[in-house]
Amino acid sequence: MTTMPTTYSDLFYGISPYSWAYTGVGLALGTSIVGAAWGIFITGASLLGASVKAPRIRSKNLISVIFCEAVAIYGVIIAIILQGKISESHFAPGSAEYAKNAFSAYSIFWSGISVGLSNLVCGICVGITGSGCALSDAQTPETFVKILVIEIFGSALGLFGVIVAIIQSGDASFIKN
Amino acid sequence: MATIHPKAGTGDICSFNIQHGFAEALIRGMRSSFLVDPDYHHLTQCETLDDVRLNLTETDYSEALEDYNSLTPNTLQKAAVEKLVTEFQYLRTQTVEPLSTFLDFITYEYMIENVMLLLKGALSGRDINELLEQCHPLGMFKESTMRSIPTFDNTSKGYSDLYQTVLVDTPVGPYFAQFLKESAAHRGSDSRNVLEEVEIEIIKSSLIKFWIEDFYNFAMSLGGDTAAIMGEILRVRADTNAINITLNSFGTPLNEPAMRISDRKRLYPAVGHLYPAGTTMLADVSDEEELGRVLELFPQYSAIWSIHSSGNGEKSIDDAFYERDVQMLELAFESQFHFAVFYAYVKLKEQEIRNLVWITECILQQQKDEIGKFVQVFSQHTPWRESKRR
């Protein structure tokens, strides 16, 4: 950049597309994993305590942990896809190619937010439900499958985020030099 | 008296499990150790205590009974209480603040009972070892502390000495301090009180009152579901105490007009649905009829009172209170991520122990028609559960 920004629009536009893009990748990965980890500790603590008196629930209720883990995997998949669209280029700001790169960068950033936030809350949701599942399975085995259905619906939330992120970033691609 | 401020919040559904998830899951696992409908059915069909023992070996009590050769109501109670205490202490070691303080609050009630038992025993000159055997294991202090309690006199100077040297370091110290402060302010330091023989009961009621208020303030400062559920449980408990104090005071010096306002009113806890309007009215009550009229104004208690006033020994007011309590405590298990389940578990286990002792006593004394008169815990056939199903 050879000119100093004079308006906010200049300042904003001057932020490198790469920072937007890689921040998006980081958010996609990071917030998804925060959600998954949150869910796993919520369900894991209850699972540990409940299996003291009812050891039979140990293996079955690992499904709740697996559902939470899936949320983290969604984040990893999207992060890998997103970062695959980014490639090095040297275009002057203001050129058409720079504009195309900027568009791709914004789209990658917000895809990352979409998938990250959805997976964050999905992970928490599956975790809390999994905790209830472990506790009630310990008392009444018949309730396990029913609560599992709730968890399946909960993990669909993360899937929504993945689908939208894929669509959002579909047109994004960096023009190589 | 300042209530201990909780060192952390309980956390809501997203963060409760960080600190307390394991402990809550433990106590919910222990819920499966309650006796169920078929167990009670078999027990009430038993003819001898050996049959009872045989049936109990198929429940969670099998290990607890191994150490005892013969089964009598006393040994059964002892074994069951020891089992409860072992579970409670295991749980207590797994908890962190503020849950550990909450569990400690549950034990203070038993500590108060033990202190009063020792003091009363000292008055009647019983042997200290015999008294220590009878103390409730959940409320034990250090052995040296407990041994020194009966050595004090039953005068106001004696009590202050007892407080300053022995009780001040124990968790029930603040309650005793408050009792002494109020007592001194009320009576003056040199007046002999008329109620010497009921003095011990008054001390105990006062200590329990301060404990309920302290526990209530602590639970409310925890906030969230714990405050909502535990607050309700303690309010109802405070009201039960107020009603019982009034009922038991009829026919004792505490019921005289002069003593009612000054002494009896001071025993009513400052929490509960009956406070402050109801307790003011209760303070003026002189007999059962007036008590009935006061309770008519409070819908939740008029139902219980009508059981007492109309029933002819079919069901006592204690039974009615137990039934209502058991329903509330069972409902505490219906939601997750709060502390009230711990209190509910201890109280429901106590109720179960009472049931077992009742059943074995009835079998021992061959009074089979009385055997059904207990309040079952987590029964599928309680009236309120059945009416919900319909």
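Computed over heavy atoms, backbone and side chain alike; hydrogens, waters and symmetry mates excluded. Lettering of chains follows the sequences in order, A, B, ..., and the numbering in each one begins at 1.
- Both the backbone and the side chain of A:Leu48 have a heavy atom closer than 4.5 Å to some heavy atom of chain B.
- Your options are A:Ala134, A:Gly132, A:Gly44, and the one with the most heavy-atom pairs under 4.5 Å with chain B is A:Gly132.
- In plain terms, the two heavy atoms of A:Ala45 and B:Ala25 that are nearest each other are O-CB, 4.3 Å.
- Interface remark: B:Ile18 contributes backbone and side-chain atoms alike to the contact with chain A (heavy atom separation under 4.5 Å).
- Evaluation of the side chain to side chain contact (heavy atoms under 4.5 Å, CB included) rule for B:Tyr68 yields B:Thr75, B:Lys78, B:Ala79, B:Glu82 as partners, not counting sequence neighbours.
- Under the side chain to side chain contact (heavy atoms under 4.5 Å, CB included) criterion, B:Leu43 pairs with B:Leu35, B:Val52, B:Asn55, B:Leu56, B:Leu356, B:Ile359, not counting sequence neighbours.
- Residues passing the side chain to side chain contact (heavy atoms under 4.5 Å, CB included) test with A:Leu62 are A:Leu47, A:Val65, sequence neighbours excluded.
- Taking chain B as the reference chain and counting heavy-atom pairs below 4.5 Å, the highest number among A:Val52, A:Ile124, A:Ile42 is found for A:Ile42.
- Within the 4.5 angstrom heavy-atom criterion, no atom of B:Phe16 approaches chain A.
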Quick one: donor-acceptor pairs between chain B and chain A, under 3.5 Å, side chains and backbone, table format.
{"residue": "B:Cys14", "atom": "O", "partner": "A:Trp38", "partner atom": "NE1", "Å": "2.9"}
{"residue": "B:Asn17", "atom": "ND2", "partner": "A:Ile42", "partner atom": "O", "Å": "2.5"}
{"residue": "B:Asn17", "atom": "ND2", "partner": "A:Ser46", "partner atom": "OG", "Å": "3.1"}
{"residue": "B:Arg28", "atom": "O", "partner": "A:Gln139", "partner atom": "NE2", "Å": "2.5"}
{"residue": "B:Gln336", "atom": "NE2", "partner": "A:Ser131", "partner atom": "OG", "Å": "2.7"}

